[in-house]
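The structure under discussion appears below in the form of structure tokens.
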Number of protein chains: 2
Amino acid sequence: MKEGTLNSPSNLCSSEADYDVLQWDVREGCEVRQILDRIADKWSLLVIALLEKRTLRFTQLRNSIEGISQRMLTTTLRNLERDGIIERTVYPVVPPRVEYALSPLGCTLHETIRALVGWTESNQAEILAARARYDAKAASERW
Amino acid sequence: MKEGTLNSPSNLCSSEADYDVLQWDVREGCEVRQILDRIADKWSLLVIALLEKRTLRFTQLRNSIEGISQRMLTTTLRNLERDGIIERTVYPVVPPRVEYALSPLGCTLHETIRALVGWTESNQAEILAARARYDAKAASERW
DNA sequence: CTGGATCCCATAGGATACTG
DNA sequence: CAGTATCCTATGGGATCCAG
């Protein structure tokens with residue numbers, strides 16, 4: 001699968017190069033895509049957001065993120081730890097105590113995430129309005 | 001589903017409030033979460049990135065994003081259009097011609113996305129190193 | 001060319017029970 | 001408390017065929 005998609009020199013419909021458009025993320029073999037998928041998954045953003053303020057324990061995180069299962073919390077924490085975004089500290093005491101904190105790398109990420117969330121907050125009314133408009137128009141055209 | 005998780009006044013395990021930690025995204029009933037999920041899905045970011053530069057037609061998008069199926073491209077475009085991120089223009093000509101462009105709202109989003117992608121690019125080496133460290137340590141502990 | 005309609009599968013992710 | 005192990009379902013998303 002990959003016939004004459006982009007590599008045929010004689011492009012038939014367009015004389016200007018269509019493929020110098022892509023710059024960063026579309027490139028295969030670059031890890032940006034998979035890293036983005038990782039931090040943009042269902043729970044990672046929330047965990048990072050919560051850990052900005054302070055170090056938290058497993059149960060505190062679970063209680064703070066309503067709707068997360070312990071399985072997904074564990075998975076999310078492992079992935080973030082593996083990527084060096086958060087740091088996991090185990091205290092060898094009888095009721096086990098494990099604390100999670102944002103790493104320095106995670107702190108820099110948080111800045112960026114905050115901007116994205118800020119955009120979403122600022123524009124959610126407009127998005128909701130756009131959806132309502134779209135749905136109303138679609139409904140009126142169907143009947 | 002939603003027993004006495006956060007709303008019981010007499011919290012049994014913690015005397016300090018655990019739940020004033022969360023501020024923006026964890027709140028249920030707020031649309032930030034679902035909007036984030038939308039723009040952070042597998043393809044939306046790529047489409048937005050491509051449309052920054054110029055208006056593109058359906059086939060151009062499909063060719064530019066290697067690996068996307070026409071089904072997912074259609075779905076992604078519809079969702080983005082519904083949210084007011086992109087604008088869809090149909091030219092009533094015999095081979096149908098449909099062009100997609102970033103809306104003003106979409107342009108502002110693009111700024112933010114660029115920051116996130118920039119972070120990923122700048123730190124991917126560090127993340128890869130962290131992963132290698134983690135995997136090596138995990139492997140050595142298991143044997 | 002630009003999709004819509006189906007079919008089908010892989011994976012994400014929830015529920016539950018068990019362990020150190 | 002902080003997980004691990006299983007099971008099972010829902011959804012994302014690919015392949016294919018059809019239509020305006």
Side-chain angles (χ1 to χ4, degrees), chain A residues 1-5 11-14 18 33-34 37-47 51 55-82 86-101 138 141-142, chain B residues 1-3 5 11-14 18 33-34 37-47 55-82 86-101 138 141-142:
Chain A
M1 342 181 147
K2 177 183 191 141
E3 303 108 63
T5 49
N11 205 321
L12 25 75
C13 60
S14 160
D18 270 348
R33 279 288 308 280
Q34 64 169 293
D37 283 355
R38 164 69 35 87
I39 64 181
D41 73 4
K42 193 172 181 184
W43 304 111
S44 295
L45 287 177
L46 305 188
V47 170
L51 290 181
T55 294
L56 287 176
R57 302 179 57 178
F58 187 87
T59 306
Q60 290 178 312
L61 282 168
R62 177 157 46 77
N63 290 339
S64 297
I65 306 177
E66 179 144 7
I68 197 172
S69 62
Q70 82 289 47
R71 195 172 93 79
M72 286 319 295
L73 179 55
T74 301
T75 303
T76 302
L77 290 170
R78 286 294 172 283
N79 285 334
L80 290 175
E81 184 197 0
R82 191 169 101 99
I86 65 174
E87 285 160 2
R88 179 172 179 268
T89 311
V90 183
Y91 297 90
V93 293
V94 236
R97 179 182 187 90
V98 181
E99 291 188 342
Y100 294 91
E141 281 172 2
R142 240 197 321 279
Chain B
M1 330 165 163
K2 180 179 188 139
E3 302 106 64
T5 49
N11 205 321
L12 26 74
C13 60
S14 162
D18 270 347
R33 279 289 309 280
Q34 64 169 291
D37 283 354
R38 164 69 36 87
I39 65 182
D41 73 2
K42 191 172 181 184
W43 305 110
S44 295
L45 287 176
L46 306 188
V47 171
T55 294
L56 287 176
R57 301 180 56 181
F58 186 87
T59 306
Q60 290 178 311
L61 283 168
R62 177 156 47 77
N63 289 339
S64 296
I65 306 177
E66 179 142 8
I68 197 173
S69 64
Q70 82 289 49
R71 194 171 95 79
M72 286 319 295
L73 179 55
T74 301
T75 303
T76 302
L77 290 170
R78 286 294 171 283
N79 285 335
L80 291 175
E81 184 197 1
R82 191 170 102 98
I86 65 174
E87 284 160 3
R88 178 172 179 268
T89 311
V90 183
Y91 297 91
V93 293
V94 237
R97 177 184 188 89
V98 181
E99 291 188 341
Y100 295 91
E141 281 172 1
R142 238 196 325 279

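Residue numbers begin at 1 in each chain, while the letters A, B, ... track the order of the sequences.
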Protein-nucleotide distance (B:Gln70, atom CD; C:dC7, atom C1'), rounded to Å: 13 Å

task: Answer yes or no: does a side-chain N or O of A:Lys42 lie under 4.0 Å from OP1 or OP2 of C:dG14?
output: yes

message: Holding to salt bridge (charged side-chain N to carboxylate O under 4.0 Å, His left out), I want the full list of residues that pass it with B:Arg82, two or more places apart in sequence or in another chain.
response: A:Asp135

- prompt: Rounded to the nearest 0.5 Å, how far does CG of A:Leu61 lie from CD1 of A:Ile86?
  reply: 8.0 Å

query: When the distance from CE of B:Met72 to P of D:dT11 is rounded to whole Å, what number comes out?
result: 14 Å

- prompt: Roughly how many Å is it from CG in A:Asn79 to C1' in C:dG13, rounded to a whole number?
  reply: 13 Å

- prompt: Rounded to whole angstroms, how far apart are CD1 on A:Ile68 and C1' on C:dA15?
  reply: 14 Å

- request: Could you tell me whether the phosphate oxygens of C:dG13, OP1 or OP2, come under 4.0 Å of any side-chain nitrogen or oxygen in A:Thr75?
  value: no

Near-strand residues of residues 88-99 of chain B, defined as heavy-atom separation under 4.0 angstrom from DNA chain D: B:Pro96

- prompt: Taking atom P of D:dT4 as reference, at what distance in whole Å does atom CG of A:Leu73 sit?
  reply: 11 Å

- request: Please determine if a side-chain N or O atom of A:Arg78 lies less than 4.0 Å away from the OP1 or OP2 oxygen of D:dG3.
  value: yes

query: How long is the line joining CD1 of A:Ile65 and P of C:dG14, in whole Å?
result: 11 Å

query: Within this structure, what is the CG-to-C1' distance between B:Leu61 and C:dC1, rounded to whole angstrom?
result: 13 Å

Residue-phosphate contact under 4.0 Å: A:Tyr100 side-chain N/O, D:dG3 OP1/OP2: yes

query: Where the side chain of B:Ser44 meets the backbone of B:Arg38, is there a donor-acceptor pair that is under 3.5 Å apart?
result: yes

- request: Could you check which of D:dG3, D:dG14, D:dT6 has an atom nearest any side-chain atom of A:Arg71?
  value: D:dT6

message: Tell me whether the side-chain N/O atoms of B:Arg62 come closer than 4.0 Å to OP1 or OP2 in C:dG3.
response: no

task: Could you check if a side-chain atom of A:Leu51 sits within less than 4.5 angstrom of a side-chain atom of A:Leu80, using non-hydrogen atoms only?
output: no

A:Thr75 side chain near A:Arg78 side chain, heavy-atom distance below 4.5 Å: no

Return all side-chain donor-acceptor pairs below 3.5 angstrom for residues 90-101 of chain B, not counting sequence neighbours, or 'none' if the list is empty.
unit_1, atom_1, unit_2, atom_2, d
B:Tyr91, OH, B:Glu99, OE1, 3.3
B:Arg97, NE, B:Glu99, OE2, 3.2
B:Arg97, NH2, B:Glu99, OE2, 3.1
B:Tyr100, OH, B:Arg88, NE, 3.3

task: Look up atom CG in B:Leu77 and atom CG in B:Leu73, then write down how far apart they are to the nearest 0.5 Å.
output: 4.5 Å

message: Need one value for B:Arg57: base, sugar-phosphate or nothing, where a base atom within 4.0 Å counts as base even if backbone is also close, heavy atoms only.
response: sugar-phosphate

query: Nearest-Å distance, CG (B:Leu56) to P (C:dG3)?
result: 13 Å

